[in-house]
Amino acid sequence: MSELEKFRETTKAWLAKNCPPEMRKPMRSEKDACWGGRNWVFQSADQKLWLERMAAKGWTAPSWPQKYGGGGLSRSEAKILQQEMNAIAARNPLHSFGIWMLGPALLEFGNEEQRLRYLPEICRGEIRWCQGYSEPNAGSDLASLATKAEDKGDHYLVNGQKVWTSYADQSDWIFCLVRTDNTGKKHYGISFLLFDMASKGVSTKPILLISGRSPFCETFFEDVKVPKENLVGERDKGWSIAKYLLTHEREMIGDYGAVKPLSEIIADNGYTPNPILRAKIAEFEIDAWAFAQTMSRMLMEAKAGVSLGAKSSMLKYYGTELNKRRYELMMDLAGHDGLEWESERSNDGHLARSWLRTKGNTIEGGTSEIQLNIISKHILQLPGA
Amino acid sequence: MSELEKFRETTKAWLAKNCPPEMRKPMRSEKDACWGGRNWVFQSADQKLWLERMAAKGWTAPSWPQKYGGGGLSRSEAKILQQEMNAIAARNPLHSFGIWMLGPALLEFGNEEQRLRYLPEICRGEIRWCQGYSEPNAGSDLASLATKAEDKGDHYLVNGQKVWTSYADQSDWIFCLVRTDNTGKKHYGISFLLFDMASKGVSTKPILLISGRSPFCETFFEDVKVPKENLVGERDKGWSIAKYLLTHEREMIGDYGAVKPLSEIIADNGYTPNPILRAKIAEFEIDAWAFAQTMSRMLMEAKAGVSLGAKSSMLKYYGTELNKRRYELMMDLAGHDGLEWESERSNDGHLARSWLRTKGNTIEGGTSEIQLNIISKHILQLPGA
Amino acid sequence: MALLLNEDEKMLQESAQGFFAEKAPVSQLRTLRDNNDEIGFSKSLWKEMAEMGFTSVLIPEEYSGVDMGFMAAGLISEEMGRNLTASPFLSSAVLAVEALKAHGNTEQKSKHLPSIGAGKTLFALAIDESNKHNPAEISLTATPSGNGFKLNGYKTMVVDGHVANHIMVIAKTDESMSVFIVPNETKGVEIERTIMADSRNAARISFDDVEVTGEQILGNVGDGDKILDTVLNAGRAILAAEMLGASSQVFEHTNTYLRERKQFGKIIGEFQALQHRASHLYCELELARSAVFSALTALDDGADNAGAIVGMAKAKLGSVAKLAALEAVQLHGGMGMTDELDIGLYLKRIRVAQELLGDSDFHLEQSARHKGY
Amino acid sequence: MALLLNEDEKMLQESAQGFFAEKAPVSQLRTLRDNNDEIGFSKSLWKEMAEMGFTSVLIPEEYSGVDMGFMAAGLISEEMGRNLTASPFLSSAVLAVEALKAHGNTEQKSKHLPSIGAGKTLFALAIDESNKHNPAEISLTATPSGNGFKLNGYKTMVVDGHVANHIMVIAKTDESMSVFIVPNETKGVEIERTIMADSRNAARISFDDVEVTGEQILGNVGDGDKILDTVLNAGRAILAAEMLGASSQVFEHTNTYLRERKQFGKIIGEFQALQHRASHLYCELELARSAVFSALTALDDGADNAGAIVGMAKAKLGSVAKLAALEAVQLHGGMGMTDELDIGLYLKRIRVAQELLGDSDFHLEQSARHKGY
């Protein structure tokens, strides 16, 4: 038996023994996702147990080095772990911007002290992180951010406002882009700071969306003191970290594959679309199929070692536009029933709210217009793009 | 009986007597249109007679002053003349860029000598004019034209090239935009010249279009001498004349009203479009209807004294895009039959050629992109448009 | 054909503009929504609308109305669309009035028209029975019983059904269709208020052995088809006018934003890609206006093909208003997604108005059939 | 599923790229057109294609073919599309070969396959009878007569029918369908060459009491439906691949023009409105490539749902290629309208390829039915 085969056997056995039965059931709602952090209230004893057991093995971040609290697994081992977890439908023990975003950035740009301090508690789910990027006047044009961090000798004094901060009201710490210099070009003078959301001067306010409640917040900083050692990477050169994370994000968002075909939704509900709507659905279905084939092809290319690069913009652009079209058609199919906003029957307007929520798909994570700009510049190499 | 009623009576009587029977039949092809000029070969004796009789009354240009060869009619009288001609289906005695374009410009910008010299022979159909505007590197951006006219004391020496000159190979004279100064802004330094196409150094070459033969030519000028008195308006300030004529042209082109509805074409040919095509036709038909209603509304507004202004760009843009859609659908309906290019049955590929020709609608007379720019700037008042 | 407004209409337009902008701006809808208002519109506004004559714009003078016709009613509806004004205008002042006016007997007219015009009585029209508008398939039945009938069946998307004093019910009577006027408190009538995505209200109503007398029939037995023709044409044209107002207004917001918002050191309205989209939308809105004016004029003229024209207008407005709403959200970026701005409210109202009395697809289909292909 | 090319396929692609760019560029089509060429393609090119093995790419080795499969055939077709190469590849090397290979008896295969592969014999497939592709409605009949049959009826849009040595005719035999191989000079066969908008050729063919023997039946009586399935799938996938090549090439031309042409003191590719249109088109072309690769792979894999997948690919390519051609003309401005540039030739070929063997609307309809709505 090869080393990998052995690893698979022991992993399978460990999971069989340690993954609580409840943690093998599909999540019923977003609440079943465990985000951890100081204020986390576990939904069940099993949820707590599962997190603790996985964290003890370092398997909340399987491929991070063990000294930072990770599992120290090779790429192949990590893949086997994921396969075996999938095989028993084990839930993800920990949802975390710390693992998905901050961790990779610290491993790439942080110093050893920072890694040793922050990564283990991320792995154990003790600290919940949020991301402070966008500002009211720096949306698509992120680099024009204005939240100011003044050098006060032993600390920075942070003043300003962030927006679209997911779960800011429930997070413990924030990784945050701030301006430490505004004399040069806008991409210069940006720094990457970490600080405690419990610091004096930090406040948050949830954002109500057109679809209803949302995880997004506005976050305000008023004379927030941040110790100097909380700067990641070089001062004024945080834009490279931001770019690193943005690409990361775009690739995560670009996943629009596995949805139920409209033809099945029609059959399941016994809808009989009129001939005009039917024609639109037929066109949509072909586009959705061709897009799914494109996702597969890009995945194969990526596996074959061809970097996606700016093609991730294509997936983001087309996938999100398609999703909007899809929900318009679902609303057309549902007709009157889809318009109800408050009733048990409609699951509190679930379809209508989802439809409204999709309108944000082509805005968040870089608008469709930004993606088209990126394609113009990096793929088509059009001048001035 | 009022003066106008009297005018109608005498006009009706005159037309009844003087319009030859053949000239009351619908034109069978473009060849039946009389363009006049030195080299014109009349298609029939009646065609010649009709032109002579109308020209003698000044009714080839009914509202121009009589001293310039026009009819000196008031606006109401001219309208009555048109109505009475329509009533007996009388053909237009003379197609002429001289009447439609140069004449109005001379009446507005020319001097008395020029009017007396050129307008009467235009009215009599003795001289056929063409228009020298576009150049290979000055299409949408007309003002960047480069055809050079150097001041040589008693004459200008013209060198350069024009393109899209309609009927240049059959015309006697040209009205032409040339550059007399290139030191300032591009709209400055343009002059409006008239000269004989028989001048030494003028040559033309017809342009073959994707749809087949066309009236368009390339026109070349090599050391063409143009007497100084042939300058219209002020030297270097010809752009205002060009703009005047361009608006004139856009309004003429914007006429996309009276075409057969697709539903009738379907019925006439016994087509049975499949459900998907049928849905597209249904959408097109509604748009075409709403556009026709908009044409009517704009016409009423114009009659009520509200100038169309930049709204003519809307009519040009939407009308031409609609026409392209229309021909795509006609080709879809005709299927295999519409693809034949050379056969009597297909009238030498008439449908396919018409379909191809419509692709130029959104380019000539200001591209769709230019029209959208105009709307952005003049109607929506967006910055930098 | 009058595609331009006459002097009376211009005056009415001005007064409606002022009235709704002042008395019923978007903030009123927000307040009603955020307070979970019991009926979802302002009764005092409705009263003021009655005083202005808006509620009786289609009522003949002999029944105390101002009788200004469809173009006038459309102008009022357009302004309500512009301000997202919630009111029972469509259900009572248009649908019910048209039904009564054209098909009611003198008694019914005398009883109801002045009262509707005065803003005292509210009506709702109960047609649809399934998730898509389909007036050709009615299965609620009226079976003869004693001197009258018994109604059995189910209606959905009854706009303002939650507050109406009287429900006008389309029912099958043997092979034909008939319309019954049923007071809301009649035994066997069960009304469930449904709050819609646009924060307005409709109802699902079930009829369980509901007893009605012959006097409750609007017009005569079998008049249902004729009545439907009348009211659907009117309702669709008025909804199209409302969508014209809503989409024009949301487009204005968008243009203002394009002229103010900065990104990448530029006013975003300087970006040519956005300019072209805005300009295209401008053209579509001009076509939409022509379509609405044509429909209202055709109704005022009693044109033979008014139904076909109104259907085309409803189809065109459905798609143009949708485009205007979608572009508004996208061009406002993240802000367009927030409840703080009004953009989402327009998106929601347009979606509902587009669905009511037949969506664009429905009317495209009707139009194609009508034209014989 | 292989959505990426393997080494063999990459080599073939390279050799096809070089071959067609050198031997059959767009200028060849122009020359054929301007000289009113008698047959509309170059016989010597066809011979060279045979030498390269292109004509026998789908022919089994036992019949002297190179048997590389559909992905390979698609790559060849793509390059032909890129160069607008005129040749009987579709009619002989794809449609006829697939029909013979899958359904012919040993004698028929031995007789025709090597000869087609060698570039000696040409075939044409006669299916359509009216202005739209509709294989479900065949009315040309084969009635028993003596030992064989008599064919009566009419075919149109028979691609390469003007030069084919043999016509494969789909005919009704009682309730079933059968395919007959009819030499072009058979008595009663009348062939009218039709020159198409893309300067390629097809034929209208009438059959007037044409006598055929039982040996001329491809496979057996009643095999027609099966044969049609086979050949239509193959032909549609190959046409989709050709459209992929044509649209990719015309898009490249457009992009080059956007990077070079100046107006208003700017390279026109700097205008954001044009950038966004080009970028959107880029995405569509990537989807189109995925669709074509999926279709070819499904055929190579003998997938159960290959027909459905091929149909979707043909639908998608029809609309994407059309968009690419329309944008190319518009973005080239006046120049795009001139015959001097190649843009119009792409527009014309794409229009024809889009129509052949079912246009996008046809395949969208099929797809919707297939999925049960």
Side-chain angles (χ1 to χ4, degrees), chain A residues 261-267 270-273 275 277-304 306 310-311 313-319 321-322 333 368-369 371-385, chain D residues 1-5 251-252 254-255 258-260 262 266-295 297-298 308-309 311-320 360-361 363-373:
Chain A
L262 285 183
S263 52
E264 280 180 33
I265 290 173
I266 292 171
Y271 290 142
T272 48
L277 177 55
R278 178 175 168 276
K280 290 178 190 166
I281 292 169
E283 285 199 310
F284 172 82
E285 288 270 278
I286 302 264
D287 287 343
W289 165 77
F291 180 70
Q293 296 301 309
T294 305
M295 292 282 289
S296 306
R297 188 161 63 87
M298 295 293 137
L299 204 67
M300 287 182 198
E301 283 186 8
K303 275 188 191 160
V306 182
K311 285 187 180 173
S313 287
M314 169 182 71
L315 300 178
K316 165 71 168 74
Y317 163 67
Y318 209 99
E321 294 290 343
L322 210 50
L333 282 166
S368 283
E369 290 76 15
Q371 308 308 329
L372 291 172
N373 288 345
I374 291 173
I375 295 169
S376 300
K377 179 171 184 170
H378 293 289
I379 299 182
L380 304 183
Q381 306 193 307
L382 292 173
Chain D
M1 203 177 45
L3 293 172
L4 306 181
L5 301 184
F251 179 62
E252 272 179 38
T254 306
N255 264 331
L258 287 177
R259 283 194 294 262
E260 289 172 358
K262 268 192 165 184
K266 274 188 176 180
I267 302 285
I268 60 172
E270 290 182 56
F271 289 105
Q272 198 198 32
L274 308 194
Q275 290 179 350
H276 281 199
R277 281 159 62 180
S279 292
H280 173 76
L281 183 52
Y282 164 81
C283 296
E284 290 288 5
L285 284 166
E286 283 292 319
L287 264 69
R289 177 165 299 278
S290 314
V292 169
F293 280 17
S294 299
T297 302
I309 290 179
M312 290 198 286
K314 180 73 165 62
K316 183 68 184 162
L317 265 290
S319 58
V320 172
S360 293
D361 297 333
H363 290 292
L364 283 165
E365 174 63 24
Q366 296 298 112
S367 177
R369 281 192 204 177
H370 178 77
K371 288 177 187 151
Y373 62 92

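Hydrogens, waters and symmetry mates are skipped; everything else that's a heavy atom, side chains included, is used. The sequence lines fix the lettering, A, B, ..., with proteins before strands; numbering per chain opens at 1.
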Checking heavy atoms, do the side chain of D:Arg277, its backbone, both or neither come under 4.5 Å from chain A? neither
Do side-chain atoms of A:Gln381 reach the backbone of D:Arg259 as a donor and acceptor pair under 3.5 angstrom? no
Checking heavy atoms, do the side chain of A:Glu369, its backbone, both or neither come under 4.5 Å from chain D? both
Indicate the atoms forming the closest heavy-atom contact of A:Tyr318 with D:Cys283, along with that distance. CD1-CB, 3.8 Å
Okay, D:Ala288 and chain A: the region with an atom under 4.5 Å from a heavy atom over there is neither
Please indicate whether D:Lys371 has more than 12 foreign heavy atoms, meaning atoms of other residues, nucleotides or ligands, lying under 6.0 Å from its NZ. yes
Residue set satisfying side-chain hydrogen bond (donor to acceptor under 3.5 Å, both in side chains) with A:Ser376, at least two apart, ordered chain then number -> D:Ser279
Looking only at A:Ile266, A:Asp287, A:Ile286, the option with the highest number of non-hydrogen pairs under 4.5 Å against chain D is A:Ile286
So, the part of D:Glu365 with a heavy atom under 4.5 Å from chain A: the answer is both
What distance do D:Tyr282 atom OH and A:Ser313 atom OG have between them, rounded to the nearest 0.5 Å? 10.0 Å
For the interface with chain D, which of A:Ala267, A:Ala304, A:Ser263, A:Ser368 has the highest count of heavy-atom pairs at distances below 4.5 Å? A:Ser263
The reported gap from OG1 in A:Thr294 to CG in D:Leu285 (rounded to nearest 0.5 angstrom) is 11.0 Å
OG of D:Ser290 to CE of A:Met300, rounded to nearest 0.5 Å, is 10.0 Å
Can you name the salt bridge (charged side-chain N to carboxylate O under 4.0 Å, His left out) partners of A:Arg297, sequence neighbours left out? A:Glu301, D:Glu286
Working note: A:Leu277 + D:Tyr373, criterion side chain to side chain contact (heavy atoms under 4.5 Å, CB included); need CA distance, chi angles, decisive distance, verdict. CA-CA 11 Å; A:Leu277 177 55; D:Tyr373 62 92; over 6 Å; no
Examine whether an atom of D:Ile309 lies under 4.5 Å from a heavy atom of chain A, and if so say whether it belongs to the side chain, the backbone or both; otherwise answer neither. both
In this structure, CD of A:Gln293 is separated from CE of D:Met312 (nearest 0.5 Å) by 7.5 Å
Please determine whether side chain to side chain contact (heavy atoms under 4.5 Å, CB included) holds for the pair A:Asn373 and D:Gln272, giving the CA-CA distance in whole Å, both sets of side-chain angles, and the decisive distance to 0.1 Å. CA-CA 8 Å; A:Asn373 288 345; D:Gln272 198 198 32; 3.2 Å; yes
With chain D as the partner, which of A:Glu264, A:Lys377, A:Met314, A:Met298 has the greatest number of non-hydrogen pairs under 4.5 Å? A:Met314
Hey, are the side chains of D:Leu364 and A:Glu285 touching, using non-hydrogen atoms and a 4.5 Å cut-off? no
Rounded to the nearest 0.5 Å, how far apart are CD of A:Glu283 and OG of D:Ser367? 11.5 Å
Does any part of the side chain of A:Leu382, heavy atoms only, come nearer than 4.5 Å to the side chain of D:Asn255, both counted from C-beta? yes
Side chain, backbone, both or neither of A:Leu262 within contact of chain D (heavy atoms, under 4.5 Å): neither
Side-chain H-bond candidate by donor/acceptor type, D:His280 with A:Tyr317, under 3.5 Å: yes
